[in-house]
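Have a look at the structure below before the remarks.
Just so it is clear: chains get the letters A, B, ... in the order the sequence lines come, proteins before strands, and each one is counted from 1.
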There are 2 protein chains.
Amino acid sequence: MKIAVLTTGDEIMQGVITDQNNSWISEKCHALGHVIVWHAACADDHDAIEAMLKEAADRADCVIVTGGLGPTADDMTIEAACKAFGKKLVFSESVFKEIENFFTKLHIPMSPSNKKQAYFPEGAIALPNKIGTAPGIHVHYKKIDFFFLPGVPLEMKHIFDVSVLPWLASKTEMKIVQRTLRCFGLPEADIDHQLQEVDLEETRLSYRYIFPETLLKIVARGRDEKKLHDKVNRVAENIRKKLGNIIYGEEAAPLSAVVLALLQNAHATLSIAESCTGGWIANMLTNIPGASTVFQGGVIAYSDQIKMNLLGVKAETLQAYGAVSAEVASEMAKGIQQKLGTTFGLGTTGIAGPTGGTKEKPVGMCYIALASPSGVEVQSLSYGRDRLEFKEIVAWTALDKLRRALL
Amino acid sequence: MKIAVLTTGDEIMQGVITDQNNSWISEKCHALGHVIVWHAACADDHDAIEAMLKEAADRADCVIVTGGLGPTADDMTIEAACKAFGKKLVFSESVFKEIENFFTKLHIPMSPSNKKQAYFPEGAIALPNKIGTAPGIHVHYKKIDFFFLPGVPLEMKHIFDVSVLPWLASKTEMKIVQRTLRCFGLPEADIDHQLQEVDLEETRLSYRYIFPETLLKIVARGRDEKKLHDKVNRVAENIRKKLGNIIYGEEAAPLSAVVLALLQNAHATLSIAESCTGGWIANMLTNIPGASTVFQGGVIAYSDQIKMNLLGVKAETLQAYGAVSAEVASEMAKGIQQKLGTTFGLGTTGIAGPTGGTKEKPVGMCYIALASPSGVEVQSLSYGRDRLEFKEIVAWTALDKLRRALL
């Protein structure tokens with residue numbers, strides 16, 4: 001079924017609040033296999049609402065509208081709907097009784113304005129609202145099903161789950177199966193290029209770049225869930241063959257969780273010596289519950305003094321090569337690995353910027369060292385665009401280096 | 001001027017992500033005195049985009065579109081625009097050179113797919129994008145100004161601020177003056193209660209709670225900019241009188257920047273010993289350029305071993321009181337302060353959860369210690385709702401404790 005999701009409200013149009021109802025509703029509809037063809041929003045204005053409803057009727061089989069069901073003067077969705085549909089506004093005695101009961105239960109006097117919420121388009125069905133005063137409304141126009149829900153997220157979600165969702169579920173036999181593959185280490189355009197010859201078997205492949213990673217989403221629709229799963233599995237397998245190690249994980253698991261799980265499987269432990277990342281790596285790891293079983297801790301070594309005192313970096317190394325060098329990164333990683341007696345040690349040193357760069361060592365230059373039982377490996381990286389992005393991409397590259405070492 | 005704000009993207013229609021670009025753009029347009037008449041979104045689909053653009057042209061004097069300018073196959077906004085406007089798609093040599101330069105600067109090879117981003121509707125003006133590959137586009141159709149911007153928020157905001165905002169400002173005489181006050185340590189409802197008697201002089205005061213802080217925004221509109229500034233200054237002064245130390249800063253400066261500036265003014269230095277915050281405090285501080293002048297570094301002490309070996313916490317203290325105790329927090333703060341020879345030392349120890357809690361020491365329990373030249377102060381805190389929120393609120397409370405000590 002084609003669905004349009006509409007929103008009314010001045011505060012949405014003025015950017016005071018971000019409309020999160022439409023994405024919440026869309027996700028639920030999409031999961032049932034319906035197609036969301038249109039999102040739109042307009043101000044609390046009679047003509048604008050009327051026009052929007054009529055346009056939605058031209059595009060969709062079902063229209064879900066949120067907002068404008070309250071008791072005040074700027075709540076005018078129902079009046080505008082009556083005008084758009086050419087229906088009379090009628091008073092519902094039974095709905096009015098329910099609104100009265102709602103106030104009685106809370107021991108709050110009912111305002112005369114609330115009477116307005118018992119007026120409905122002729123022929124409409126009221127959808128009960130147990131947690132607020134405005135009931136939802138289900139009404140037909142040109143064989144299209146319109147649902148009107150309150151804008152208050154809690155009340156909207158309640159009515160949607162109780163009354164709209166079961167109705168939507170009854171209207172579809174369409175199933176949807178989806179899979180997300182998470183990639184790091186190759187630009188979106190290159191991934192796209194590599195995948196051009198992969199047979200997608202009529203699934204839809206979408207790209208989403210969320211710095212510094214790219215999410216690939218495979219979506220298959222159809223009636224036979226088993227076949228859809230098989231198809232998505234085949235496509236995922238083909239994509240994996242092409243991209244290999246670039247795919248670090250699936251679904252919601254972040255890189256830090258993937259690395260922690262690999263460490264756990266290998267009965268290995270980790271410690272970290274961070275200079276330019278300043279705690280970013282430790283923070284990523286400790287955001288994951290249970291990190292403490294494999295992550296022992298680390299040192300944030302911003303000054304040379306700490307690099308020497310806590311990590312055992314040699315004064316001669318610092319003098320000969322400078323703090324930002326492959327040699328110092330290597331001694332940092334080995335130093336923390338030995339000091340804390342862990343299987344692996346990671347070290348980062350670089351110039352986060354915006355100042356502190358020189359001609360030889362510009363802002364964005366960085367060295368990442370991984371000390372493992374078999375020795376130390378150092379990798380350099382350059383990313384001079386933004387301090388926070390620099391920290392994040394260095395942290396990801398360091399964890400990804402460890403991930404690849406654990407495969 | 002009447003403005004329509006449009007979005008394209010499957011992930012928006014499927015509810016995978018909430019569109020925050022439209023509210024960001026709407027707020028900026030509204031602040032200039034323009035009227036936003038329409039929000040709409042549709043899938044990455046030629047016909048749908050074409051229809052949406054044509055409808056927008058019937059409603060608005062200016063249309064701002066985000067999304068679909070990327071290099072991949074599902075980016076099709078510009079092609080759809082050409083069809084809607086009846087314009088040819090032409091290749092821009094100069095834009096292509098800029099995209100090439102972007103990759104050259106980053107030392108990344110350009111993918112053939114990126115060439116697509118240099119194709120424009122005939123007669124369009126490219127709006128420079130210094131932080132990404134897709135330039136914005138300004139094009140006319142039926143005397144209406146269309147702006148096309150990338151969907152990536154950072155790039156969209158950059159192009160909007162540099163190229164679209166000045167254009168929009170030139171089309172209106174309305175001025176707006178605003179000020180943001182940042183509060184930490186008092187719930188929103190209590191702030192509201194305290195401010196009920198403050199004279200707002202017809203400015204608009206809005207509250208925005210972004211965990212764990214509350215932003216107060218004072219907005220004044222009118223034609224006389226000088227008068228608006230005076231008015232906003234007076235209102236801000238009155239709010240400051242009421243809330244005192246609860247306001248930690250203004251505008252965009254985060255708490256970590258405020259603390260670093262106070263340390264610099266006091267010629268003081270800082271080191272940190274983090275257990276339950278796991279690097280969050282160090283990361284907050286090192287996100288600020290120049291942090292290294294006062295922040296020396298620290299230790300992430302997840303295990304008892306590290307607390308003893310690197311921070312000098314006594315085995316007897318750990319045994320007698322446990323790792324999560326005021327005594328251990330105190331020894332951690334003193335230990336790092338002495339080890340690194342800094343003016344101040346901060347220590348955190350607690351149970352981040354979701355597991356690891358006991359009846360005596362439940363999840364969310366935490367101790368924060370501040371070692372200063374005059375001794376150690378310990379504060380306890382309890383916040384058992386969510387691991388990440390716990391880490392963040394402990395980090396904020398620790399930095400705020402240091403801030404108040406520096407006032």
For chain B, which of [options] has the most heavy-atom pairs under 4.5 Å?
options: A/L205, A/L6, A/D192; value: A/D192
options: A/H34, A/R59, A/R204; value: A/R204
options: A/A51, A/P289, A/A4; value: A/P289
options: A/Y383, A/Y207, A/W24; value: A/Y207
options: A/S271, A/G290, A/A282; value: A/A282
options: A/A48, A/C42, A/A301, A/S292; value: A/S292

Do [X] and [Y] come close enough that some side-chain heavy atom pair is under 4.5 Å?
X: B/L310; Y: A/L340; value: yes
X: A/I300; Y: B/I300; value: yes
X: B/M13; Y: A/H39; value: yes
X: B/V16; Y: A/K217; value: yes
X: A/E27; Y: B/Q14; value: no

Does a side chain donor of either B/N287 or A/K391 reach within less than 3.5 Å of an acceptor in the other side chain?
yes
If only atom types and distance count, is the side chain of A/T286 paired as donor or acceptor with the main-chain N or O of B/G278 below 3.5 Å?
yes
Main-chain N/O of B/E11 paired with A/R208 side-chain donor or acceptor, under 3.5 Å:
no
Report which part of [X] has an atom under 4.5 Å of a heavy atom belonging to chain B: side chain, backbone, both, or neither.
X: A/T18; answer: both
X: A/Q305; answer: neither
X: A/I17; answer: backbone
X: A/D19; answer: backbone
X: A/E389; answer: side chain

Distance check, rounded to the nearest 0.5 Å: [X] atom [atom1] versus [Y] atom [atom2]?
X: B/T293; Y: A/Y302; atom1: OG1; atom2: OH; result: 10.0 Å
X: B/E55; Y: A/M52; atom1: CD; atom2: CE; result: 12.0 Å
X: B/I281; Y: A/N283; atom1: CD1; atom2: CG; result: 10.0 Å

Taking atom CD as the centre, does A/E197 end up with more than 12 heavy-atom neighbours from other residues, nucleotides or ligands that are less than 6.0 angstrom away?
no
Side chain, backbone, both or neither: which part of [X] has a heavy atom under 4.5 Å from chain A?
X: B/D44; value: both
X: B/F103; value: neither
X: B/V299; value: both
X: B/P112; value: side chain
X: B/F390; value: neither
X: B/I12; value: both

Just give me the residue among B/P153, B/G9, B/G279 that pairs up with chain A most often, heavy atom to heavy atom, under 4.5 Å.
B/G279
Pick whichever of B/S303, B/G297, B/A40, B/G298 has the most heavy-atom pairs under 4.5 Å with chain A.
B/G298
Search all heavy atoms of [X] against all heavy atoms of [Y] and return the closest pair with its distance.
X: A/A189; Y: B/S113; result: O-OG, 3.6 Å
X: A/R387; Y: B/I288; result: NH2-O, 3.4 Å
X: B/G15; Y: A/S26; result: N-CB, 3.8 Å

Let me see the working for B/K130 and A/R385 under side chain to side chain contact (heavy atoms under 4.5 Å, CB included), right down to the final yes or no.
CA-CA 10 Å; B/K130 296 275 176 226; A/R385 208 163 74 173; over 6 Å; no
Dump the intermediate steps for side chain to side chain contact (heavy atoms under 4.5 Å, CB included) on B/Q296 and A/I306, then the final yes or no.
CA-CA 8 Å; B/Q296 301 283 300; A/I306 302 183; 4.2 Å; yes
